[in-house]
Amino acid sequence: MLLLTLFTLQQIVVVAAAPAEAHFFGAQQSVDGFVIIFQPSPQSPVVGQSATLNFSILEEGSGANLLGVYSAVTVSDKKTGATVFQDPYRFYETSDITVPYTFDRVSDYSVTIQARIPGHEKYQEVPLSASFDVSAFLPGIPIDELMIYYATPPAAAAASIAVYLYSRKML
């Protein structure tokens, strides 16, 4: 019985030690056999509040993470083109990359990730690059919440009343 218990525990440890791959879901770009995904959190960043810029760089066919990448992130103001933030190249064990950033004013921004992939013929020396658009808003009700909770229900109610009145020939 003790031998069976030790064998079972060994299996559990092996299964628990297997690497897990979790990816971000958001805007995607395909670049030369790779898929780059960008997901800011919160979805609509708020000026003056901490946000995270989340990226996944995956192999296009398998969707697998890359191992041991060097990555840098820059944030530029789309109106002026000025770089407002630059995170230097850092080593990441996997290609799921999270960079904290606080937007300091309302504007439209371009977020660019560059990644050097050790052992890759092209992207070891020249970085793989992708840019994504994001807008920062004033504190208040986020636009997606505003639409879902405050604009859609009254619009649906008004449409329902109009259909009812039309069906009764009152309109």
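FYI, side chains are in, hydrogens and waters are out, and symmetry mates aren't considered; it's all heavy atoms of this structure.
Within 6.0 Å of OH on Y164 lie no more than 12 heavy atoms contributed by other residues, nucleotides or ligands.
Side-chain atoms of I36 and S56, non-hydrogen and from C-beta on, never get closer than 4.5 Å to each other. Between N65 and L58, some side-chain heavy-atom pair lies under the 4.5 Å cut-off. At a threshold of 4.5 Å between non-hydrogen side-chain atoms, the residues V46 and L138 do not count as touching. Using a 4.5 Å heavy-atom threshold, the side chains of F38 and I113 count as separate. Side-chain contact check for Y101 versus V75: some heavy-atom pair is nearer than 4.5 Å. You'll find the side chain of V73 reaches within 4.5 Å of the side chain of V111, heavy atoms only. You'll find the side chain of V69 reaches within 4.5 Å of the side chain of I97, heavy atoms only. V31 has its side chain within reach of L128: a pair of non-hydrogen atoms, C-beta onward, lies under 4.5 Å apart.
When the side chains of ILVMFWY residues are joined at heavy-atom separations under 4.5 Å, either directly or via intervening members, I161 and M170 end up in a single hydrophobic cluster. F55 and Y89 fall into different hydrophobic clusters, defined by Ile, Leu, Val, Met, Phe, Trp and Tyr side-chain heavy atoms under 4.5 Å apart, directly or through other members.
Between F103 and Y109, the ring center distance clears the sub-6.0 Å criterion. Within the 6.0 Å centre-distance limit, the rings of Y70 and F91 are counted as a close aromatic pair.
A side-chain donor-acceptor contact under 3.5 Å links T80 to the backbone of A82. With E93 contributing its side chain and G68 its backbone, the two residues share no donor-acceptor pair below 3.5 Å. Distance alone, capped at 3.5 Å, is enough to place a donor-acceptor pair between the N54 side chain and the Q39 backbone. Although no hydrogens or angles enter the test, the distance criterion places a donor-acceptor pair under 3.5 Å between the side chain of S71 and the main chain of Q114. Panel note: side chain Q29, backbone S131; a donor-acceptor pair is recorded below 3.5 Å.
Across all their heavy atoms, F34 and I117 have their closest contact at CZ-CD1, 3.9 Å. Looking at every heavy atom in both residues, S135 comes nearest to P45 through O-CD, 3.4 Å. What you find for G48 and T102 is that their closest heavy atoms are C-CG2, 3.6 Å. Across every non-hydrogen atom of S30 and V35, the tightest pair is OG-CG2, 4.0 Å. When all heavy atoms are compared, the tightest approach of S50 to P42 is O-CD, 4.3 Å. Between T112 and S129, the shortest heavy-atom distance links the atoms CG2-OG, 3.6 Å.
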Review point. Going through the checks in order, is the side-chain hydrogen bond (donor to acceptor under 3.5 Å, both in side chains) test met by Q86 and T83?
Key: CA-CA 7 Å; Q86 189 165 6; T83 299; 5.7 Å; no
**Study point:** L67/T94 under side-chain contact (heavy atoms from CB on, under 4.5 Å): CA gap, chis, key distance, verdict
**Key:** CA-CA 5 Å; L67 299 176; T94 69; 4.1 Å; yes
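Note that R116 lies outside the cation-pi zone of Y123, set by a 6.0 Å cut-off to the ring centre and a 45° limit from the axis.
Taken from OG in S95 to CG in L66, the straight-line distance is 4.0 Å, to the nearest 0.5 Å. Taking CZ of F132 as the reference point, atom CD1 of I37 lies at 8.5 Å (rounded to 0.5 Å). Note that CD of Q49 and CZ of F137 are 13.5 Å apart. Values are rounded to the nearest 0.5 Å.
K79 has no carboxylate O lying under 4.0 Å from a charged side-chain N of D108, or vice versa, which leaves the two without a salt bridge.
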